[in-house]
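Reminder, nothing fancy here: chain letters follow the sequence lines and each chain counts from 1.
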Amino acid sequence: MYRYDHYDQTMVDTRVAEFRDQVRRRMEGKLTEDQFKPLRLMNGLYLQLHAYMLRVAVPYGTLSGAQMHMLADIADKYDRGYGHFTTRQNIQYNWIKLEDAPDILADLATVEMHAIQTSGNCIRNISSDHYAGAAADEVTDPRPYAELLRQWSSFHPEFTALPRKFKIAVIASETDRAAMRLHDIGIRLVRNDAGELGAAFYVGGGMGRTPMIAPLIRDFVPLDQLITYSEACLRVYNRHGRRDNKFKARIKILVHEMGAEEYTRQVEEEFAHLLSQGIEPPFAELERIRTYFVDPPFQAGLADDLDRSDPDFAVWVDRNCHAHKQPGYIAVTISLKPVGGIPGDATAAQMHLMADIARDYSFDECRVTHAQNIVLPHVEKQRLYELWQKLEEAGLGAANLDQIGDIIACPGLDYCSLANARSIPVAQKISERFAASGKGDTLGELKLKISGCINACGHHHAGHIGILGVDKKGRENYQLLLGGSEGADTSLGKITGPGFDEDGIVEAVEKAADVYLAQRADGERFLDTYRRIGMEPFKEALYG
Amino acid sequence: LKILTGNDLKTGAVVWWDGSGWSLHVEEAVDVGAEVDAILAREEAARNVNASYAIDAEQDGEGRVRPAHIKDRIRALGPTVRPDLTLRPADPEAGNWVI
């Protein structure tokens, strides 16, 4: 894992001291809320439905055991004993006191963490593949490049007041596990025909009220020009992105309105100019960063087989584990989606336990996934059963990765001041219904995603089944979408028709699942069947 | 009814104007009529409240103040998915009051 150098630590410590002074001045009345609000948002501190909410950055989702312990300690000491892992691979605390915020940031700084740029119109936390460094199918570990981008984008003076927020994802596999094409910039590391590493750039994706799939604008940027090309992409956006209308200010709108071809032309022109300015960081810096991401000391010659005689364990292995590049090892996903639970929530005790497990079983490392789960990237197969038993004892053994119970849900109207409807109760009811009937076990891969408003933090556009909560004359109403997908076959879901109330949307999901079960061909996922038979059979079942 | 709400500056807690100060309990909220702007300006300036605003409310069947919109009812009670963290953790009917 990357470790802060003197500059990183000084920057973060300085920001903590600065924010401590700003909070003091706000509480003494020397700053008005209008003056203070942008300052607290620059430090990830929102004012939400019940209290202040603090969003802590988890760069590319990677955490050490010590960092996870600190997240648990903060939940216990300053919040109400839990935290919420988000679809941006971050963590949020819902019950923060303003007077505690500087102390929390100081505590985070002791484990090389912060909340900088987790809000505001700047480049946000860089996200990545949660199996980075472990996946058998990656061309390289994407995290050194994500880290380089993190350093470039942190306090970048030109990009602290962009037209709107800006999200970048970096992956290095053919299989996209980070919803890369639904980001402002999606970067896929690739090898060209000569075997050289480079970066393919996809620009102008996003969800929200106007969902767009990012087009490919360049299929190969040499890695020693990665930052320069990124800078060019941002500069063109910063120059032409709309500032007159918040709802049309994201880069996806610019690329769409300008046209991908013209946007690309301007980026290439800016890129050519920037190449002459020598802005790329020294290659030695990338090499320095890379040294932090070398493989952990894997043991060679470990047995690669598993004793699958316990049927419950075998199901969990099949669903929650992923092939590892190193023989004898496997990547494990701890589901934070127990039946009827709150997606993404973890108690302080669970966080402490996951930190201990990461230390004991995964070289002291874990990952937050955009699906609101936790990954242990490097687990010895021969110790997997023992690990699973510990997770089971702690209520963390749900075997439902990418199943209907593995629901992504934003905090919704239970916590979020922007939301129009509650997301979590709908997720809980669906989870309980499909678990109780046993139907959930028959559905296979079915990604269900729920957002409580059009901002789409719950990624409803990308759900095989998506649910969008809206306000209909003061009452919660839920639209159903079908056919969305992230990944290599990224697609946007389509609304089935009129919305439903809370119980009605649960019924509607079951009806959609029943159409799939009745019509699926051998080996088809829900998404495959939907794409083959189209919307009409589902509409007939829902509204006929 | 027209009632006032906001957040405590230091703690962020949801509060309601009770006629002389800010209460954690919506049932203590009072109708402010046309006094909205004057009260909010005075209280914000004194840092007694933060991010304050006026909302419509009604009295429920038991005479308790009930905000007109579900968002403010959730603010008044707490998250419906964590009854243990609401202001009425022992009241099984609290969720129905919100919905």
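Distance alone, capped at 3.5 Å, is enough to place a donor-acceptor pair between the Y52(A) side chain and the L9(B) backbone. Between the side chain of K71(B) and the backbone N or O of L413(A), no donor-acceptor pair lies under 3.5 Å.
Residues D471(A) and H69(B) form a side-chain contact, since some pair of their non-hydrogen atoms from C-beta on lies under 4.5 Å apart.
At a cut-off of 3.5 Å, with distance as the only test, a side-chain donor of N50(B) or R26(A) sits close to an acceptor on the other residue.
Interface remark: of the candidates A101(A), A421(A), P425(A), P425(A) forms the most heavy-atom pairs closer than 4.5 Å to chain B. The candidate with the highest count of non-hydrogen atom pairs below 4.5 Å against chain B, out of M53(A), E476(A), H50(A), is H50(A).
Contact of N94(A) with chain B is not made at all, since no heavy-atom distance falls under 4.5 Å. Only the side chain of Y82(A) comes within less than 4.5 Å of a heavy atom of chain B; its backbone N, CA, C and O stay farther away. Residue A419(A) touches chain B through its backbone alone, counting heavy-atom pairs closer than 4.5 Å. Contacts of Q428(A) with chain B are made by side-chain atoms alone, with heavy-atom separations under 4.5 Å and no backbone atom involved. Looking at R75(B), both its backbone and its side chain come within 4.5 Å of chain A, counting heavy atoms on both sides. Heavy atoms closer than 4.5 Å to chain A are found nowhere in D72(B), neither backbone nor side chain. Interface remark: L47(A) contributes side-chain atoms only to the contact with chain B (heavy atom separation under 4.5 Å). Looking at T32(A), neither its backbone nor its side chain comes within 4.5 Å of chain B, counting heavy atoms on both sides.
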